[in-house]
There are 2 protein chains.
Amino acid sequence: MKSLSIKDIAVKAGVSITTVSFIINGKARDKSISEAVIKKVEKIIVESGYKPNQIARSLRTGNSNIIGLIVEDISNSFFSKIARLIEDKAYKKGYKIIYSSTENHIEKAKELITMFKSRKVDGYIISPIKGLEEDIQQLMADNKPVILFDRNLPDLDANYVGADHFKATYHSIESFIKQGKKKISLVTIDIDVQQITERLTAYKKALADYDIPYEENLVLKVHFNQDEKETMVQMEKLFQTEEIDAVLFATNYLAISGLKVLKQTGKKIGNDFSVIAYDDHEVFELHTPGISAVQQPLEEIAETVIQLILSQLSSKTKLDNQHIILPAKLIER
Amino acid sequence: MKSLSIKDIAVKAGVSITTVSFIINGKARDKSISEAVIKKVEKIIVESGYKPNQIARSLRTGNSNIIGLIVEDISNSFFSKIARLIEDKAYKKGYKIIYSSTENHIEKAKELITMFKSRKVDGYIISPIKGLEEDIQQLMADNKPVILFDRNLPDLDANYVGADHFKATYHSIESFIKQGKKKISLVTIDIDVQQITERLTAYKKALADYDIPYEENLVLKVHFNQDEKETMVQMEKLFQTEEIDAVLFATNYLAISGLKVLKQTGKKIGNDFSVIAYDDHEVFELHTPGISAVQQPLEEIAETVIQLILSQLSSKTKLDNQHIILPAKLIER
DNA sequence: CTGAAAGCGCTTACAG
DNA sequence: CTGAAAGCGCTTACAG
């Protein structure tokens, strides 16, 4: 069954497609179409269930009412929660979301941008990775709204929304120190994105500020894509060989792996051994004992991102790029 | 900066746009374009970075290479994991995914289908809700590939991929019985979808098969959209008033709420009180003690769904609808 | 108050 | 071996 076109409606109503188009797009009054015609055409549209072909509309107008969302991995709960909130808010403004996961592969990320471009998406929300600077620059040169979130690219002057990882990490380490911890470990990953590296910087700074010597062997940098088994072996070694009394895990999945190791080896979390996870997760609340965690303000991040992109989409002129850093908070359990 | 069009390429190469189009679409040899011309045009395409406008292509060909994915809630880890797997596999075949969450609202679900229709998506992957039968029927009448997953609509003859919830529930209850449990409770939700209701049916059947009387007050049906606080109050009451020795939670979030209640009230899980959660979650593995859970075969579900839709998309003729029920397994912890 | 016509960037049947 | 032209379904500047 062919679907109806604007022409079919025009024929049924005995008017031109121009008139129908004006009515569909709410320009009827503007164009001084008579009320009688408007009523008649609207009636026919409703009765026939006609829906304009968005593809044709896009081709003609050059925009698609679609926002492209590029994340590292949609199945990661941080991203899926953000995606949900963004989708919800975008939807209410008539925008759809098309998403895809980069899996941290630069080639896939580049391909995605190309694909989104050829689909003429109206704007881009990107959790970027290093190496994407030029492509993003290109998008902005093409005058497309771009909002980076979660991760920033320092070499790029672009809109960015993220949490204050430095401060949150600093506070976490500080809270360990105030509990009297001396041998504080950091388990992190080896990817070179600001969002991750600043956790290490903050860790070092906090130690320095409290005159605690930095010990290289207390920092475990897990290889980004490695097997969880291997990660667990490395952690087990770390937990055993040192008189560690506190660990900050730089991501929630590292923390989860860490908890598995502790469970297996029977090492207890308690006064002698404290743990903080970066990025909260349901696991941590339910764990016995509860695991303290740094919580990113998901709602606010999503809200800010969508706000920014919508204002760019509706603005005729190029707006100034904004850098919005939201506070993350340490939930003590 | 305007992006290049096929015309620009044609002009640069000194050939017609027809020729360029044939080359882009790999029909050059078919149409016996000379090797020399092919080489020249391909060179220009690569050098200029030309990408065909997919919108124009869609308008002309009537398909979009986009698959619409409609789920209840993309931030639910079951769906986000499936989405990730589906996206991955679709991507490799040149299809993109556009997704949206229904939040179990029939109006939103209907709107989404309309929207996807007007965007001319090539196929639909839907975790449906009751009331959507007609709309889905319509899609199939329009000859669009539709795959339902997770939830089935019994009144509809459509492709469906899901797990065997009846069997998995039956086995769970059976395992309680074999442990000698007498007062087995079921905590479920009150939505009327087959996937949920059959968990109750299986519960009753297993009890009956083992001559254990069915007691209405051992079944708690939580209202679908109610506040977690309220759910927890109801559960607390349930856990106290009866000599319950086992609980099957019909969804993972119910189980999580249940675990919170147990933690708060100090009720211990152990030999006197066993728990199984339906749909696994990282929480359950890490919980002390570990929580047994029914695990749906995510990979296989995603794989089957994508397989089915791709075969439909590439097939000229209408294929027979398939019902594929995959086994879910009980992970004992 | 309303309509004819151009054009968005492609694909493809047809012609040579 | 290659191209001119129609047409996908819209929007909009222009004309009346």
Side-chain angles (χ1 to χ4, degrees), chain A residues 1-42 44-45 48-66 115 117-122, chain B residues 1-42 44-45 48-66 115 117-122:
Chain A
M1 198 202 65
K2 285 268 307 107
S3 51
L4 294 167
S5 78
I6 193 171
K7 197 171 164 193
D8 299 316
I9 304 299
V11 170
K12 273 194 202 173
V15 297
S16 74
I17 60 170
T18 305
T19 302
V20 177
S21 175
F22 286 155
I23 293 172
I24 291 168
N25 293 295
K27 297 187 177 169
R29 266 122 201 138
D30 235 44
K31 301 287 179 179
S32 46
I33 308 287
S34 67
E35 284 300 322
V37 171
I38 296 179
K39 283 269 165 305
K40 182 170 69 174
V41 173
E42 279 177 344
I44 291 174
I45 289 176
S48 64
Y50 165 71
K51 300 287 169 190
N53 179 326
Q54 295 297 335
I55 299 282
R57 188 176 265 178
S58 289
L59 179 59
R60 182 53 228 244
T61 64
N63 48 44
S64 58
N65 283 314
I66 291 182
M115 171 125 26
K117 252 188 192 169
S118 71
R119 288 251 141 70
K120 307 292 167 193
V121 306
D122 291 351
Chain B
M1 198 201 67
K2 287 268 308 105
S3 50
L4 294 167
S5 77
I6 193 170
K7 197 171 162 193
D8 299 316
I9 304 298
V11 169
K12 272 193 203 175
V15 298
S16 74
I17 61 171
T18 305
T19 303
V20 177
S21 175
F22 286 155
I23 293 172
I24 291 169
N25 294 296
K27 298 188 179 169
R29 266 125 200 135
D30 236 42
K31 301 288 179 177
S32 44
I33 308 287
S34 69
E35 285 300 322
V37 170
I38 296 178
K39 282 269 165 306
K40 183 170 65 174
V41 172
E42 279 176 346
I44 292 174
I45 290 176
S48 64
Y50 166 69
K51 301 288 169 188
N53 179 326
Q54 296 296 334
I55 300 282
R57 187 177 266 177
S58 289
L59 180 58
R60 183 54 228 246
T61 63
N63 48 44
S64 57
N65 283 315
I66 291 182
M115 172 125 25
K117 252 188 191 170
S118 72
R119 288 251 142 70
K120 307 292 168 192
V121 306
D122 291 351

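Naming: A, B, ... by sequence-line order, numbering from 1 per chain. Computation of the quantities below employed the complete heavy-atom set of this structure, encompassing side-chain atoms and omitting hydrogens, waters and symmetry-equivalent molecules. Owing to the predicted nature of the structure, the values given are computational and were not obtained by experimental measurement.
Nucleotide C:dC10 holds its P atom 11 Å from the CD1 atom of B:Ile55, rounded to whole Å. In this entry the distance linking CZ of A:Phe22 with C1' of D:dT11 reads 8 Å, nearest Å. A straight line from CG of A:Asn25 to P of C:dT2 spans 17 Å, rounded to a whole angstrom. Atoms NZ (A:Lys7) and C1' (C:dA4) sit 13 Å apart, rounded to a whole Å. With rounding to whole Å, A:Ile33 atom CD1 is found 14 Å from D:dT11 atom C1'. One interatomic measurement links the two molecules: NZ of B:Lys120 to C1' of D:dG9, which rounds to 9 Å at whole-angstrom precision. Rounded to whole Å, the distance from NZ on A:Lys27 to C1' on C:dC1 is 17 Å. Note: CD1 (A:Ile6) to P (D:dC8) measures 14 Å, nearest angstrom.
Note that CD1 of B:Ile45 is 6.0 Å distant from CD1 of B:Ile9, once rounded to the nearest 0.5 Å. To the nearest 0.5 Å, atom CD of residue B:Glu42 and atom CD of residue B:Glu35 are 8.5 Å apart. Of the inter-residue distances, the one linking B:Ile66 atom CD1 with B:Lys120 atom NZ reads 13.0 Å to the nearest 0.5 angstrom.
The shortest non-hydrogen separation linking A:Lys7 to A:Ile17 is CA-CG2, 3.7 Å. Contact detail for A:Ile33 and A:Ile38: the closest heavy-atom pair is O-CD1, 3.7 Å. Heavy atoms only, all atoms of each residue included: B:Pro52 and A:Ser118 are closest at O-CB, 3.5 Å.
Near-neighbour residues of DNA chain C inside residues 56-64 of chain B, defined by a heavy atom below 4.0 Å, number-ordered: B:Ala56, B:Arg57, B:Arg60, B:Thr61. Of the residues in residues 12-20 of chain A, those lying under 4.0 Å from DNA chain C by heavy-atom distance are A:Val15, A:Ser16, A:Thr18, A:Thr19.
Side-chain atoms of B:Asn65 and A:Arg119, non-hydrogen and from C-beta on, do get closer than 4.5 Å to each other.
Neither OP1 nor OP2 of C:dC10 sits under 4.0 Å from any side-chain N or O of B:Ser21. Remark: A:Tyr50 is in phosphate contact with D:dC10, judged by side-chain N or O atoms under 4.0 Å from OP1 or OP2. In terms of phosphate contacts, B:Ser34 brings no side-chain nitrogen or oxygen within less than 4.0 Å of OP1 or OP2 of D:dC1.
Checked against side-chain hydrogen bond (donor to acceptor under 3.5 Å, both in side chains), B:Lys117 has no partners two or more places apart in sequence or in another chain. Judged as a side chain to side chain contact (heavy atoms under 4.5 Å, CB included), and not counting sequence neighbours, the contacts of B:Ser58 are A:Ile55, B:Ser64.
The closest side-chain donor-acceptor pair between A:Ser21 and A:Thr18, if any, does not fall under 3.5 angstrom.
Identified under the side chain to side chain donor-acceptor pair (under 3.5 Å) test for residues 48-57 of chain A, with sequence neighbours left out: A:Asn25-A:Arg57.
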**OP:** Determine which bases of DNA chain D form Watson-Crick or G-U wobble pairs with both distances under 3.5 Å, and write the result as a 5' to 3' dot-bracket string with | for other-strand partners.
**Re:** |||.||||||||.|||
